[in-house]
Amino acid sequence: MGENNKEFKPYIPAEKITPEFTFTSIFMGIILAVVFGAANAYLGLRVGMTVSASIPAAVISMGVIRLIMRKDSILESNMVQTVGSAGESLAAGAIFTMPAIFLWAKEGVTESPSIVTITLISLCGGILGVLFMIPLRNALIVKEHGVLPYPEGTACAEVLLAGEEGGSSAKAVFAGMGLASLFKFIVDGFKIIPGVVTANIKALKTELSAEVYPALIGVGYICGPKIASYMLAGGLLGWFVFIPAIVTFGANTVLYPGTDTIMNIYLENGASAIWSYYIRYIGAGMVAAGGIISLIKSMPLIATTFVGAMKGMKESGGAGTKRTEKDLNMKVVLAGVAAIILLIWLLPQIPVSLIGAIIIVIFGFFFGAVSSRMVGLVGSSNNPVSGMAIATLLFATLVLKMSGDTGSHGMVGAISIGTIICIVSCMAGDTSQDLKTGFLLGATPKKQQIGEIIGAIVSAFTIGGVLILLDKAWGFGTTELAAPQATLMKMIVEGVMNGNLPWALVFIGIFTAIIVEILEIPVLPVAIGLYLPLELSTTIMIGGIIRWFVDKKSESKNKDAGSGILFCSGMIAGEGLVGIILAILAVAGIDSKLDLSGSLNLGTVGGIILLVVMIACVFVFAKNKKTSSKKKESSEE
């Protein structure tokens, strides 16, 4: 493998100098960082999952620079997606944890976080994530070329290379954005079709439901049938095993955290109330156990990566180093890490003690390494950062409690630590994918790393406004913005601090995770399916089935090529962007004027018809596999 690495020749040779870090590329990247950051924040708060924006960012940059500006500059396009994708990664880390503090503020436990606090926490996490990845680049991107596929990073390179021959791929992304925007307006703007189609199954005391949203089908298509089926398995376990069992066996029992008999809760509010009271705790235990299991399994890889990184520090950035091998100077990296840790400890706006700052250094680097390796195997969209954040939170909350830092200050401190670690993991994963794209194209790593830091800084300054806007529009923890991950983080911190976590339910989840692991099934997708409402997993599975059918029919197993991926990426971006527009309209009080549900409501039939239309649209675009053959040739090299 080592010989193959030495022979690898990027698209732009190291000796050739072309425009890369320009005003155009940075300006466009900043715009996309803000837009995709806002869109991904909305998607994650609704669904509990985020999807990498690297591919749509690459397509848009290619379309603008090559087709509109008539410039032939592939490395400029690459810089645009490098800066742009940093926005969605930072947003993902922030929305998985930060809304917990907003929820506590509504309960009167603490004050709402200020925009300055959110910005500083996001800034520290974002820059640390990039800096922690830099010493890992040589070990993971260069030395493991041909071993770690980095699916999204490779896909971005393919999209940009396809742009050298013409920008037809951009049509699929923009078509996805346009159609998803229309569908989203019909469901959540005009409200003439319900967002969820539900069938009650009284014999089993449960229900089967599916959401009518294009982004979920897109998520399922991109994740593929395997990951989607694992999520559905978790949903079926919760809604067709645990809920019927709880209602049947505990009918007349009052079980904490419920305050009435289980049967009364079911009769008054349906199966979803049973899920809310009990299944989420089982899901919490399963997600936490899944995160810890994945960490234990990754320990040998972490150790190997760490040793490789230490060796790589000596090799990078020397005077005779090729352009394509130059990283940011390691002295600058170490000084930057030290400075940020001191800021985390000393700044009064960041409620983290010295112990918390030390936890961030240790967990941050190791989870950055795990995240970088995991995205190399499964892609950023499937990176289980929430599992890593949960493991961090459990440890951090216990340490803070033992050190006497309890009450609201300790809880907010634990969430702040978890937020920084979550952002570090997301940013390290995104940086890895972008550096892989650059490695294949012949970009300058140092310039990309500076671009990532710029993207992180810009996103940090905008994510606070996005979170405050969404909270004012709908409120976290509501039907519109369930913020499932943040609610789970809040629940865990409260339970550990107050000593009232319903441990029996949590341990059911933990041992379910162990059983799933013994069966050699990936734990985290199943756990996420158990924790999230069934209607999300059902629609995601529809997307997975479409992907399975398309791949089987075309006899193509490519996971990152073809117009289907591009179209679904566009659908996710389109729905997220309309979500932000609807949030602005809600804050302005204009949303009620769009509501036509009183005069025109198509009900369940309309929901089913719209689902069928969405499925048909994905099928139409997925048939076009123009980039597949090119992809095969590239992977064979």
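Positions are given from 1 along the sequence. Any value given below was found using the heavy atoms of this structure, including those in side chains, with hydrogens, waters and symmetry copies removed.
Atom SG in C124 sits 10.5 Å away from atom CG in L342 (nearest 0.5 Å). Rounding to the nearest 0.5 Å places CG of L45 at 12.0 Å from CE of M98. Put simply, CG on L328 and CD on Q449 are 5.0 Å apart, with the number rounded to the nearest 0.5 Å. How far CG of L536 is from OH of Y213: 10.0 Å, rounded to the nearest 0.5 Å. Residue I118 holds its CD1 atom at 12.0 Å from CD1 of I350, rounded to the nearest 0.5 Å. In this structure, CD1 in I95 is found 8.5 Å from CG in L467, a value given to the nearest 0.5 Å.
In this structure, I127 and V130 have side chains that are not in contact, with every pair of non-hydrogen atoms separated by 4.5 Å or more. Residues Y150 and T437 are not in side-chain contact: their nearest non-hydrogen atoms beyond the backbone lie 4.5 Å or more apart. The shortest side-chain heavy-atom distance between F567 and C617 falls under the 4.5 Å cut-off. Proximity of F102 to P113: side-chain heavy atoms (C-beta onward) are separated by under 4.5 Å at one or more points. I360 is listed as a side-chain neighbour of L128, based on a closest heavy-atom distance under 4.5 Å. The shortest side-chain heavy-atom distance between L123 and I457 falls under the 4.5 Å cut-off. Considering only heavy atoms from C-beta on, I423 comes within 4.5 Å of S122 through its side chain. Counting only heavy atoms from C-beta outward, the side chains of T117 and I101 never approach each other to under 4.5 Å.
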Subject >> side chain to side chain contact (heavy atoms under 4.5 Å, CB included) between K447 and M79, worked out >> reply: CA-CA 8 Å; K447 291 179 180 177; M79 184 58 70; 3.9 Å; yes
**OP:** Given side chain to side chain contact (heavy atoms under 4.5 Å, CB included), test I74 with N78 step by step and report yes or no.
**Re:** CA-CA 6 Å; I74 194 168; N78 178 55; 5.9 Å; no
**OP:** Any chance you could lay out the side chain to side chain contact (heavy atoms under 4.5 Å, CB included) test for F183 and I217, step after step, and finish with the verdict?
**Re:** CA-CA 12 Å; F183 297 149; I217 294 177; over 6 Å; no
Subject >> V618/M571 under side chain to side chain contact (heavy atoms under 4.5 Å, CB included): CA gap, chis, key distance, verdict >> reply: CA-CA 9 Å; V618 176; M571 286 210 303; 3.6 Å; yes
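If you check the side chains of Q433 and S85, you find no donor sitting under 3.5 Å from an acceptor. For the residue pair S425/S371, the side-chain donor-acceptor check at 3.5 Å is not satisfied.
Counting only distance, with no hydrogens or angles, the side chain of Q448 and the backbone of D434 share a donor-acceptor pair below 3.5 Å. Checking side-chain atoms of S416 against main-chain N and O of V412 turns up a donor-acceptor pair under 3.5 Å. The closest donor-acceptor contact from the side chain of T487 to the backbone of A482 lies under 3.5 Å. In this structure a side-chain-to-backbone donor-acceptor pair under 3.5 Å is missing from T97 to I415.
Minimum heavy-atom separation, E111 to A105: C-CB, 3.8 Å. The two residues K331 and N329 have their closest heavy-atom pair at N-OD1, 2.7 Å. Smallest separation of non-hydrogen atoms from A414 and L393: O-CD2, 3.1 Å. Scanning both residues, I420 and G125, for their nearest heavy atoms gives CG2-CA, 3.8 Å. What you find for L131 and V337 is that their closest heavy atoms are CD1-N, 3.8 Å. Scanning all heavy atoms of the two residues, the minimum distance from G87 to S459 falls at CA-OG, 2.9 Å.
Tested against E452, the residues D430, V83, L435, I134 include a single side chain to side chain contact (heavy atoms under 4.5 Å, CB included) partner, D430. The only member of V34, I26, L32 that meets side chain to side chain contact (heavy atoms under 4.5 Å, CB included) when paired with V458 is V34.
Taking the six-membered ring where tryptophan is involved, the planes of Y42 and W474 are tilted, since the angle between them lies from 30° to 60°. Aromatic ring pairs are classed by plane angle as parallel below 30°, tilted from 30° to 60° and perpendicular above 60°; the pair F27 and F23 is parallel.
Within a 6.0 Å sphere centred on CD of Q349, heavy atoms belonging to other residues, nucleotides or ligands number more than 12. Heavy-atom neighbours of F461 CZ from other residues, nucleotides or ligands within 6.0 Å: at or below the threshold of 12. Within 6.0 Å of NZ in K446 there are 12 or fewer heavy atoms belonging to other residues, nucleotides or ligands.
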